[in-house]
J.: 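Please read through the structure below; I'll follow up with questions.
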Amino acid sequence: MTKREAIFPAGRHALYAEHRYSAAIRSGDLLFVSGQVGSHADGSPEPDFARQVELAFENLKAVLKAAGATLDDVIDVTTFHTDPQNQFETIMAVRNRIIGEPPYPNWTAVGVNWLAGFDFEIKVIARVPQAA
């Protein structure tokens, strides 16, 4: 049986320790990344919505990198939005700049009414490339 391995990006361990969760869990060649938000290093939310979405993607990329993966390895995306109708255009503009070429990962967007002070969250499943 494959044992799970906790993955943490550099510099954000206090946030994860405080809330008692791992940034990601690797099981075999699959990586299950916890929801990433647009927080600064101290855990505070970025007030500008577009920048908050960008920071969430930056935080996601840091977790993927810590596991030896990139956005190109992402196979499943779930995003959470506090005001989808009014946020969608901004989210798609940021997403389209950051997400690479086809084939694109599958994507599920969910409207929610609370994200602990944030307005956008992204969680993914990725396949970690095998070392050559």
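Below, all heavy atoms of this structure are taken into account, side chains as well, without hydrogens, waters or symmetry copies. Residues take their numbers from the sequence shown, with the count starting at 1.
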J.: Do Tyr21 and Ile125 belong together in a cluster built from hydrophobic side chains that touch within less than 4.5 Å?
T.: no
J.: Grab the two heavy atoms, one from Leu55 and one from Ser39, that are nearest each other, plus how far apart they are.
T.: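 Heavy atoms only, the tightest pair is CD1-O, 4.1 Å.
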J.: Could you go step by step and tell me if Phe49 and Ile91 meet the side-chain contact (heavy atoms from CB on, under 4.5 Å) rule?
T.: CA-CA 9 Å; Phe49 181 69; Ile91 293 164; 3.8 Å; yes
J.: Do Ser34 side-chain atoms and Ser22 backbone N/O form a donor-acceptor pair below 3.5 Å?
T.: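 Yes, Ser34 side chain to Ser22 backbone: donor-acceptor pair under 3.5 Å.
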J.: Can you confirm whether Pro105 sits close enough to Ile75 that some side-chain heavy atom of one is under 4.5 Å from a side-chain heavy atom of the other?
T.: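 No; the side chains remain at least 4.5 Å from each other.
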J.: Measuring from atom CZ of Arg127 to atom CG of Asp73, what distance do you get when rounded to the nearest 0.5 angstrom?
T.: 10.0 Å
J.: Which pair of heavy atoms, one from Lys123 and one from Val33, lies closest together, and at what distance?
T.: CB-O, 3.4 Å
J.: So Thr70 and Lys65, do their side chains get closer than 4.5 Å, heavy atoms only?
T.: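 They are not in contact (no side-chain heavy atoms under 4.5 Å apart), so the answer is no.
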J.: One pair to check against side-chain hydrogen bond (donor to acceptor under 3.5 Å, both in side chains): Gln87 and Thr82. What are the steps and the verdict?
T.: CA-CA 8 Å; Gln87 297 167 337; Thr82 58; 3.0 Å; yes
J.: Evaluate Asn96 against Val94 for side-chain contact (heavy atoms from CB on, under 4.5 Å), listing each step before the verdict.
T.: CA-CA 6 Å; Asn96 291 341; Val94 173; over 6 Å; no
J.: Show the nearest heavy-atom pair for residues Asp119 and Gln52, with the distance to one decimal.
T.: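 Closest approach of Asp119 to Gln52, heavy atoms only: N-OE1, 2.7 Å.
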J.: Out of curiosity, Ser44 OG to Phe118 CZ, how far, rounded to the nearest 0.5 Å?
T.: 7.0 Å
J.: Any link between Leu115 and Val110 through a network of hydrophobic side chains (Ile, Leu, Val, Met, Phe, Trp, Tyr) touching at under 4.5 Å?
T.: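 Same hydrophobic cluster.
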J.: At their closest point, which heavy atom of Pro129 faces which heavy atom of Gly68, and how far apart are they?
T.: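 For Pro129 versus Gly68, the nearest heavy atoms are CD-O, 3.5 Å.
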J.: How long is the straight-line distance from CG of Asp76 back to CG of Leu30, given to the nearest 0.5 Å?
T.: 10.5 Å
J.: Between Glu54 and Arg95, is there a side-chain N and carboxylate O pair less than 4.0 Å apart?
T.: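 No, this pair does not count.
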J.: Between the side chains of Glu121 and Thr79, is a donor N or O closer than 3.5 angstrom to an acceptor N or O?
T.: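 No, no side-chain donor-acceptor contact under 3.5 Å.
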J.: With under 30° as parallel and over 60° as perpendicular, where do the rings of Phe120 and Phe57 fit, or are they tilted in between?
T.: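 If you compare the ring of Phe120 with that of Phe57, the planes turn out parallel.
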J.: In Å and rounded to the nearest 0.5 Å, what is the NE2 to OG1 distance from His81 to Thr90?
T.: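 His81 atom NE2 to Thr90 atom OG1 measures 11.5 Å (nearest 0.5 Å).
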J.: I would like to know whether Glu5 and Ile25 meet side-chain contact (heavy atoms from CB on, under 4.5 Å); could you show each step before the answer?
T.: CA-CA 6 Å; Glu5 171 191 0; Ile25 294 289; over 6 Å; no
J.: Under 3.5 Å, side chain of Arg51 to main-chain N/O of Val53, donor-acceptor pair present?
T.: no
J.: How long is the span from the CD1 atom in Ile7 to the CG atom in Leu31, to the nearest 0.5 Å?
T.: 6.5 Å
J.: List the atom of Pro9, the atom of Ala23, and the distance in Å for their closest heavy-atom pair.
T.: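 For Pro9 versus Ala23, the nearest heavy atoms are CD-CB, 3.6 Å.
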J.: Main chain of Val37, side chain of Asn59: is a donor-acceptor contact present, judged purely on distance under 3.5 Å?
T.: yes
J.: If you round to the nearest 0.5 Å, how far is CD of Gln36 from CD1 of Ile122?
T.: 9.0 Å
J.: Let me check something: do Leu64 and Phe32 share a hydrophobic cluster, defined by ILVMFWY side-chain heavy atoms less than 4.5 Å apart, either directly or through other members?
T.: no
J.: Near Arg4 CZ, under 6.0 Å, is it more than 12 heavy atoms from other residues, nucleotides or ligands?
T.: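 Counting neighbours around CZ of Arg4, 12 or fewer heavy atoms of other residues, nucleotides or ligands fall under 6.0 Å, so no.
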J.: Linking I/L/V/M/F/W/Y whenever any side-chain heavy atoms sit under 4.5 Å apart, do Tyr104 and Met92 land together?
T.: no
J.: I would like to know whether Val124 and Val74 meet side-chain contact (heavy atoms from CB on, under 4.5 Å); could you show each step before the answer?
T.: CA-CA 7 Å; Val124 305; Val74 171; 3.9 Å; yes
J.: Check whether Phe88 and Trp107 end up in the same hydrophobic cluster, where Ile, Leu, Val, Met, Phe, Trp and Tyr are linked by side-chain heavy atoms less than 4.5 Å apart.
T.: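 Shared cluster, no.
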